[in-house]
Each structure stands twice: as C-alpha cells, then as structure tokens.
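Below is one structure; the comments refer to it alone.
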Amino acid sequence: MDERWAIAPEEDGGAVLVALHPDGQPAGEIVREPDLVAAVASRPQVTRWVWRSSAEIYPRLLANGVRVERCYDLENSEGLLLGHEGRLGEPRSAAAAWARLTGAPVPPDPPLRGVVPGEQSSLFEVTAEPVPFEALLRVYADQLRRHQLAEYPDRMRLLTASESSGMLIAAEMDRAGLPWSADAHRQLLTELLGDRFGGTGEPRRLTELADEVSAAFGRRVRPDLPADVLKAFKQAGYQLKSTRRWELETIDHPAVAPLVEYKKLYRIYTANGWSWLHDWVHDGRFRPGFVPGGTVSGRWITNGGGGLQIPKVIRRAVVADPGWRLVVADASQLEPRILAAISRDPALMEVASDPGDLYKAVSDQAFSGDRAQAKIAVLGAIYGQTSGDGLKNLAMLRKRFPLAVAYVDDAARAGEEGRLVRTWLGRTSPPTGHPLDEATLEGPPAEDLPTDARKARAWGRFTRNFVVQGSAADWALLMLAALRQSLTGMKAELVFFQHDEVIIHCPADETPAVTNAIQSASNTAGTLTFGQTPTNFAFTTATVDNYADAK
DNA sequence: TTGGAAGGCGCC
DNA sequence: AAAGGGCGCCTTCCAA
C-alpha cells in the first residue's frame, strides 16, 4: 500500500526506475523504459516517487496530464537535512550529496535565479550535474539514515515529506495559473494613472502630480529623486532624515500630499504597470513561479513577477472564469496561534481555541479590553520590538502568557549567543556568519551599544521571529498537502498561495465542498504538525468572482 | 556596460 | 503607536 519507486529521466526521454524497500534499498531489478511519462502513468499503484528534483520531472508529467500522489524530492530534502545539521549553505545538489558520500570534491550549486519572465521556474534544471542512478539510490538511503539522527526524527520526516508535497503543489499551481484579466488590469491602470503620453510614454497623472510637487516648492523638483526632494524640503525649512511616507506625513507642507500620491502611483506604474502585464500575463493567467521553502524560514518566494506582493488595488484584475468562482481563504491571526501551539502556553492556547478575534480575546485577558494595545504587544513579542509602548505592554503579556513569551525570549537568547534555533518540524536557522546576518544587521539608528552587541541583538530578533514564522510555514505546508488531497477528483484547482492565504478556482457548484475542504485541511494540519492541542487555526473564507472583493 | 548598494515601498 | 521579523522589485547612484 505504501509503494515507493525511484525514478530518473534519461536524455532521450526515457527513464530508469526501481521499486524500493522502506529502508531505501532496491526491492527488485533496475529497469529502463523508453518513455518517462508512460513509465509513471502505467504505475498508478505507486504512492511515492523518489526523484532528484521535482522541477526536473514534474512539469513534464503535468504537461502530459499525469499527476502523482506523493514524491520525495531528494535535493530539497538534502537542503533541509543540511540545515538541521547546521550546515546551511553547503551545496545541496544530488551531485554534491554524492560527492560528500564518496569523499570527492563537492561541486557548487548552480545559480537559482535568472529565469525568463513567465516561464516555469527551473531550479537546477538547466545546469545540474548528472548523477548515476545508483548514486541517487545511495544518497536516498543515506538521507533516510540522517532523518533518524535528527532531534525529532518523526518531525523531520514530516518536514521533508510535506515540503516535497509543496514542490508538487507549486508545479501544479504554476501550470494552472492565477486567472488574470488583462482587460480589467488595463482599465484599472488607466483609471489610476491616466492615459500614457503618446500612447506608451509617462502616464498623465504622474506628470500632473510631479508638476504639483514642483509648484508647491516653487521650483522644479523630481519626486523620484530622494536627494532632490530632501534638498527642496531643507530649503523650505524642514530637515528630514528620509523621504519615507510616514516621515513625510509628520510635516505640514503643500508638497506632501501630491508627493505621497506620486510615490504610490509610481510604484504601481513601475512594479505592476503595462510592462509587467506584458511580461507576466499570458492567455489570461499569471504564473508567478512558486518556490517552496525559498526563504530560510520556510516561507515561499516566487521566481520573478513579484507574485507575493500583488498590491491590493491590483487584485481587481484577478477574475474567475465564467461559471467559476474564486474561494479566497486566509488563516486568521496565524502567527499568535502558532505561538500558542509551539509554546504550549495554557492561557494562550485557551485564547487560541476560539476561532474568533484573538487580539480581542487577549485584550480581555490582559489589557482591560484595549484590542489595539493587545495587538501591539503580541506582535511586538513575536518581532522583538525594541522601543515604544510594546515594551511596556510586553510585561503585561509576560505575566498572563509566561510560557509563550519565554518561548520567543529563549529563541532570541539562543540567537544572541550564536546558537541555532529550529521550527517545530525542525527547519533550522542559518549559523551566524551566513550572508543573511550581514544584510540583516545593517542600518538601525545608533544605539549606545558596541557594534558586536548590536549585531547580536539583531540576530536575536531574527531567531525570535524565525521560530514563529517558520513554524507557521511548517503548518502551511501540511495544510496545503491536506487541501490538495481533498480536492482530488474535483475540477477545483489551487491557484495561489501566500504565507497564510490560499485561492482556489472552481466551478460555482463546487464552492461548498471547497469551503469545507479548507477548514478540514486546517484542522488536519494543526493536529499533524503540533499533535493534540486546543489551538484552533481558523480560516476566513470568501467566495467571489473578483479577488478584490474578498475583503 | 555591468553589478552592487541604498532608498523606498508592495505583500505577509 | 512606532518604525521590531521575513521577502521582491524598481529606481538611482557609483564604482569597476
């Protein structure tokens, strides 16, 4: 019933494959077949395919109408195992893993990015070094052994299995695409930005706003040059540190309003304007190129197109096909609920057992009904707030939810002391010295602390957030896998995923079943990931024709 | 010409 | 209320 096979493509379109024992050893003869797609399609009894890389194989299967139930993605799992072993950043290709097993020189990974807009993502697809099939089998067996050495082997197995499942889902979502109306998008752009000068030039509205800014200063000022803007304000008697919106809005000057509006529209023009539409939307679909586990914390990224940063105002262009609907579902206040589950704080779990407004419930417990204060305190604890009311409120939070606050405080201390932290399922933070810490630690205003101490603090804020954000990503993978499972046999398709939100495109008559599937996937994921806890991972679900109507 | 850093802002 | 976590993308600026 749990039948697993290893498979590898050959250059001529064929494949080599073999049945496997549970310990990864071959359970029969290695066979060669002339057609990879047929080899998979003719073995529906196989419940898990072990392969080097889903990106290498699965798009081809999907293009030929073949779906698989589960897979084990060797290179993705190698990355997770290396991370757990404190070796994040070492090459994770099958060739590298094989080289480490044999003591040969370890080849570096091929670069991750650089795909053409609109094409399928292609991790390791182009330049991956070939590995003998036997090497693949050996690496697999060794990975099974390394799972056993993990801090929590069962959780580690769940992690690699669910992220492998994420790989399948990513490929399926990219194949389906997010329904996108180019006409609606163009109409929206014209409403917001006006006609373009000469048909393809700068939009009229941007020109007008730039003129208003200049008029307010009494001289020509280019709003997209921060240095120019700062100089102009200085001459007008305002000493600003930056031209960030929140700082601009603290002063009273006639240039502020048109400037802020200009920035907003300029951003839409450059990031999601006509050229974006041309590059990224084809045949009524936007295909972002999802990359599961693309960030160290396990959140997904997209391979170009800014797929996870679609501005709210642009969502008007996401339109269901005729007779179809979009079921838009997002997990309510996910991160505090995750914190409840991982810290096992009884009071916070009690609060999180209610699907209703969590911040309201916290404020009833600890902030005499002040929801805003409660929200600041909770988010401050998760993010590592360093100043302001959050600190004062943190004391209150600590009193009522001691285990929850201690959990993130411990993670912060671990980071400050240079130790690793892990998500619930075992995804592990990068060691200090990872390129990330240089990037993270620049910046903030000079404190009265030596550089080293400031860096340690910043790294502590990172590890503090890592355990919550990353465990949320753990949960999301299992939720997606469960949801995919319950959608099999239906016409409904998963078409979008963004951290704590999913969109399913389905025929109108399937919407009740889809809505049920989401809540049950959420419950399943909660128990599978964290075991039995009272925590409720509530979803708010909206059935709409247009994404912009979802909230 | 190209590549990286910095400024800024979109999403969660 | 303050500017704390994770990202991507576009721009300008500057050095190679």
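Since the structure is predicted, the reported quantities are computational estimates derived from the model, not experimental observations. Protein chains get the first letters and strands the later ones, always in sequence-line order, with residue 1 at the start of each.
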In whole angstroms, how far is the C1' atom of C:dC10 from the CD1 atom of A:Ile314?
15 Å
Touch check for A:Gln498, heavy atoms < 4.0 angstrom, all strands: base, sugar-phosphate only, or nothing?
sugar-phosphate
Closest of C:dA3, B:dC11, C:dG5 to the A:Arg315 side chain is B:dC11
Indicate, with a heavy-atom threshold strictly under 4.0 Å, whether A:Tyr266 touches base, sugar-phosphate, or nothing.
sugar-phosphate
Watson-Crick/G-U partner (both atom distances under 3.5 Å) of B:dC9
C:dG8
Quick check: do A:Glu172 and A:Phe290 have side-chain heavy atoms less than 4.5 Å from each other?
no
Side-chain N or O of A:Arg461 less than 4.0 angstrom from OP1 or OP2 on C:dG4?
no
Among C:dG8, C:dG6, B:dC9, find the nucleotide with the atom closest to the side chain of A:Lys263.
B:dC9
Does the side chain of A:Thr295 come within less than 4.5 Å of A:Ile301's, by heavy atoms?
yes
Between P of C:dC7 and CG of A:Asp500, the distance in whole Å:
16 Å
Is it the case that A:Gln235 and A:Arg219 place a side-chain donor and acceptor less than 3.5 Å from each other?
yes
Using only side-chain N and O atoms of A:Lys312, determine if any of them is under 4.0 Å from OP1 or OP2 of B:dC9.
no
The side chain of A:Asn465 is closest to which nucleotide in this list: C:dC10, C:dG5, B:dC11?
C:dG5
Nearest-Å distance, CG (A:Leu225) to P (B:dG8)?
11 Å
Gap between atoms OH and C1', on A:Tyr262 and C:dT11 respectively (whole Å):
10 Å
Please verify the inter-ring angle class for A:His185 with A:Trp180; under 30° counts as parallel, over 60° as perpendicular, anything in between as tilted.
tilted
For A:Arg244, which contact category applies under a 4.0 Å heavy-atom criterion: base, sugar-phosphate, or nothing?
sugar-phosphate
ring-ring contact (aromatic ring centres under 6.0 Å, His included) contacts touching residues 224-244 of chain A (sequence neighbours left out):
A:Phe217-A:Phe233, A:Phe233-A:His253, A:Tyr238-A:His253
Is there a donor N/O on one and an acceptor N/O on the other, under 3.5 Å, for the side chain of A:Arg245 and the base of B:dC9?
no
Rounding to a whole Å, what distance do you find between A:Asp224:CG and C:dC10:C1'?
11 Å
Which value, rounded to the nearest 0.5 Å, describes the distance between A:Glu163 atom CD and A:Leu478 atom CG?
11.0 Å
The salt bridge (Lys or Arg N to Asp or Glu O under 4.0 Å) partners of A:Arg220 (sequence neighbours excluded) come to none
Which nucleotide in the set B:dG7, C:dG8, C:dA3 lies at the smallest distance from any side-chain heavy atom of A:Pro226?
B:dG7
I want to confirm an ordering. Mapping A:Gly306 and A:Ser297 to their closest nucleotides on DNA chain C, which one lands closer to the 5' end?
A:Ser297
For a quick check of understanding: with a heavy-atom distance under 4.0 Å over all strands, which category does A:Gly470 fall into, base, sugar-phosphate or nothing?
nothing
Check the orientation of A:Tyr269 and A:Tyr266. Use parallel for under 30°, tilted for 30 to 60°, and perpendicular for over 60°.
tilted
Would C:dG4 be called syn or anti here, given the cut-off of 90° from 0?
syn
Could you give the NZ-to-P distance, from A:Lys264 to B:dC11, as a whole number of Å?
10 Å
Are A:Trp274 and A:Trp280 near enough that their ring centres are under 6.0 Å apart?
no
Spacing of A:Glu335 atom CD relative to C:dG4 atom P, expressed in whole Å
17 Å
Closest of C:dT11, B:dC9, C:dG6 to the A:Val296 side chain is C:dG6
Can you find a donor-acceptor pair, distance only, under 3.5 Å between A:Arg267 side chain and B:dC9 base?
yes
Between C1' on C:dG4 and CG on A:Leu379, what's the gap in Å once rounded to a whole number?
10 Å
With 3.5 Å as the limit, what N/O pairs link the protein to nucleotides 2-4 of chain B?
none

